[in-house]
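What follows is a single structure, written as C-alpha cells, with notes after it.
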Amino acid sequence: MRVVRTCHAMEGLATRWRREGRRLGVVPTMGALHEGHLSLIRAAARTCDRVVVTVFVNPLQFGPREDFARYPRPFARDVRQARQAGADAVFAPAVTELYPSGRPRLRVRVGPVGARWEGRIRPGHFDGVATVVLLLFDVTRPSVALFGEKDYQQTLVVRDLIRDFALPLRLRILPTVREPDGLALSSRNAYLSPAERHRAAALWSALRAGRARIRAGERRGAVVAGVMR
C-alpha cells in the first residue's frame, strides 16, 4: 500500500489505474479511523479493483470555536488499519497541498440542503465539506465513492454535488456501524467522559422508540417526539 502526499502523485496513480481499466473506489475520511470507516474500506475492496482512502482534516468545515486543532490525528495507526482493511493507497495531503493559498478563493455553496439541521448551528460547514470533496474527487478520479449513513446530511450534500456537477462517479451509502449499546461510532466519541459516554446511548434508545411508534401507525410528529424525549 502507498502513502501519497501530493496531488500530482495521486492524479498520476489514479490516471494509470484508470487506463489499466481498474475500477477505483475512494473512501474520504478525516482520519482517526474506526470500524465505521473500515467497513467502508472493506466494502470498496470487495467491489473495486483499487481503493484509495483519503485522510485530510479539512479546516474549511470547522467553525472558529470548533476542534480543528485538537481533532485526533493518529496517522500511523490509520495507515496500518487502512492497509489491513484492503486499501491500495492512502492520500494524505497537507493543507497547503489542497489549498496553496491557505484558503481557496472559490468555494462550493451547497444551498438549502446544507442550511438546516446541523447546518443551522454550523454555518458554512457543508460548504467546506462540498468544497473539499469536490477537490478530492478531482484528484483521486474514482468510479465510486463510499460514505457512511451516520453522516446523513453530508450524504445528501455529496449526492447533490455529484448530480449538479455531473461528476462521473457513483455514490454508495453504507449503514451506520454502532457500538453494542447502539451509539454510532464516531471519531469524536473519544472526547466523551465515561458519564457522557453512558448518557450518549440514550440517542439510539430514543431513535428506536420513535421508529417503533411510527411503525405502530403514529403519524403525529409531536407524539413521536414526546416518546423519544
Side-chain angles (χ1 to χ4, degrees), residues 1-34 36-61 71 73 75-76 78-101 104 106-108 110 126-149 151 154-174 187:
M1 191 194 73
R2 308 182 187 202
V3 175
V4 184
R5 293 288 191 175
T6 69
C7 294
H8 178 74
M10 187 68 249
E11 289 166 352
L13 184 60
T15 298
R16 178 164 65 82
W17 283 341
R18 295 294 291 266
R19 285 176 178 167
E20 293 172 352
R22 309 293 186 184
R23 178 177 169 83
L24 177 57
V26 66
V27 179
T29 83
M30 291 205 304
L33 302 184
H34 52 65
H37 299 116
L38 302 180
S39 71
L40 299 178
I41 299 169
R42 287 192 290 265
R46 287 193 296 270
T47 57
C48 299
D49 302 305
R50 297 290 184 267
V51 178
V52 176
V53 177
T54 70
V55 174
F56 181 69
V57 183
N58 176 32
L60 296 191
Q61 63 194 74
Y71 192 86
R73 294 169 170 85
F75 185 68
D78 288 344
V79 169
R80 183 173 65 254
Q81 289 184 318
R83 179 189 297 113
Q84 292 170 349
D88 298 284
V90 168
F91 177 48
V95 171
T96 52
E97 183 67 24
L98 283 188
Y99 308 136
S101 301
L106 298 177
R107 302 190 192 190
V108 178
V110 301
F126 288 109
D127 293 346
V129 170
T131 299
V132 76
V133 167
L134 183 62
L135 276 168
L136 292 172
F137 285 168
D138 185 54
V139 173
T140 60
R141 304 176 184 182
S143 306
V144 58
L146 295 90
F147 287 79
E149 193 177 42
D151 298 305
Q154 177 174 270
T155 68
L156 300 182
V157 169
V158 175
R159 178 202 65 188
D160 286 357
L161 184 77
I162 291 171
R163 180 192 64 199
D164 291 353
F165 284 85
L167 301 179
L169 69 144
R170 187 168 70 90
L171 176 64
R172 283 190 65 193
I173 309 299
L174 273 69
S187 301

Can you tell me how far apart [atom1] ([X]) and [atom2] ([Y]) are? Round to the nearest 0.5 Å.
X: Phe137; Y: Leu169; atom1: CZ; atom2: CG; result: 5.0 Å
X: Asp160; Y: Arg163; atom1: CG; atom2: CZ; result: 4.0 Å
X: Leu161; Y: Leu156; atom1: CG; atom2: CG; result: 12.5 Å
X: Leu146; Y: Leu174; atom1: CG; atom2: CG; result: 6.0 Å
X: Arg107; Y: Leu134; atom1: CZ; atom2: CG; result: 13.5 Å

Less than 4.5 Å apart, any side-chain heavy atom of [X] and any of [Y]?
X: Phe147; Y: Val157; answer: no
X: Val90; Y: Asp78; answer: no
X: Gln81; Y: His37; answer: no
X: Leu60; Y: Pro104; answer: yes
X: Asp49; Y: Trp17; answer: no
X: Asp138; Y: Phe165; answer: no

Whether the side chain of [X] engages the backbone of [Y] through a donor-acceptor N/O pair (distance < 3.5 Å, no angle test) should be reported.
X: Arg170; Y: Ala145; result: no
X: Ser39; Y: Gly36; result: yes
X: Arg18; Y: Arg141; result: yes
X: Glu97; Y: Cys7; result: yes
X: Thr29; Y: Thr54; result: yes
X: Arg73; Y: Gly31; result: no
X: Asp88; Y: Arg2; result: no

Looking only at heavy atoms, which two atoms of [X] and [Y] are closest? And how far apart?
X: Gly148; Y: Leu40; result: N-CD1, 3.8 Å
X: Phe126; Y: Val110; result: O-CG1, 3.5 Å
X: Val108; Y: Thr131; result: N-OG1, 2.9 Å
X: Ala32; Y: Ser187; result: O-OG, 2.9 Å
X: Arg23; Y: Thr47; result: NE-O, 3.2 Å
X: Leu24; Y: Cys48; result: C-SG, 4.2 Å

Quiz prompt | Derivation of the side chain to side chain contact (heavy atoms under 4.5 Å, CB included) call for Val55 and Phe75 | solution = CA-CA 8 Å; Val55 174; Phe75 185 68; 4.2 Å; yes
Practice problem: Verify the neighbour count for atom CZ of Arg19: are there more than 12 heavy atoms of other residues, nucleotides or ligands below 6.0 Å? | Solution: no
Practice problem: Dump the intermediate steps for side chain to side chain donor-acceptor pair (under 3.5 Å) on Asn58 and Tyr71, then the final yes or no. | Solution: CA-CA 10 Å; Asn58 176 32; Tyr71 192 86; over 6 Å; no
Practice problem: Check step by step if side chain to side chain contact (heavy atoms under 4.5 Å, CB included) holds for Leu135 and Val139. | Solution: CA-CA 6 Å; Leu135 276 168; Val139 173; 5.5 Å; no
Exercise. In sequence, state the C-alpha distance, the side-chain angles, and the governing distance for Met10 and Val4, and then conclude on side chain to side chain contact (heavy atoms under 4.5 Å, CB included).
Key: CA-CA 6 Å; Met10 187 68 249; Val4 184; 3.8 Å; yes
Quiz item: Does the side chain to side chain contact (heavy atoms under 4.5 Å, CB included) test come out yes or no for Gln84 and Leu38, once each step is laid out?
Solution: CA-CA 9 Å; Gln84 292 170 349; Leu38 302 180; over 6 Å; no
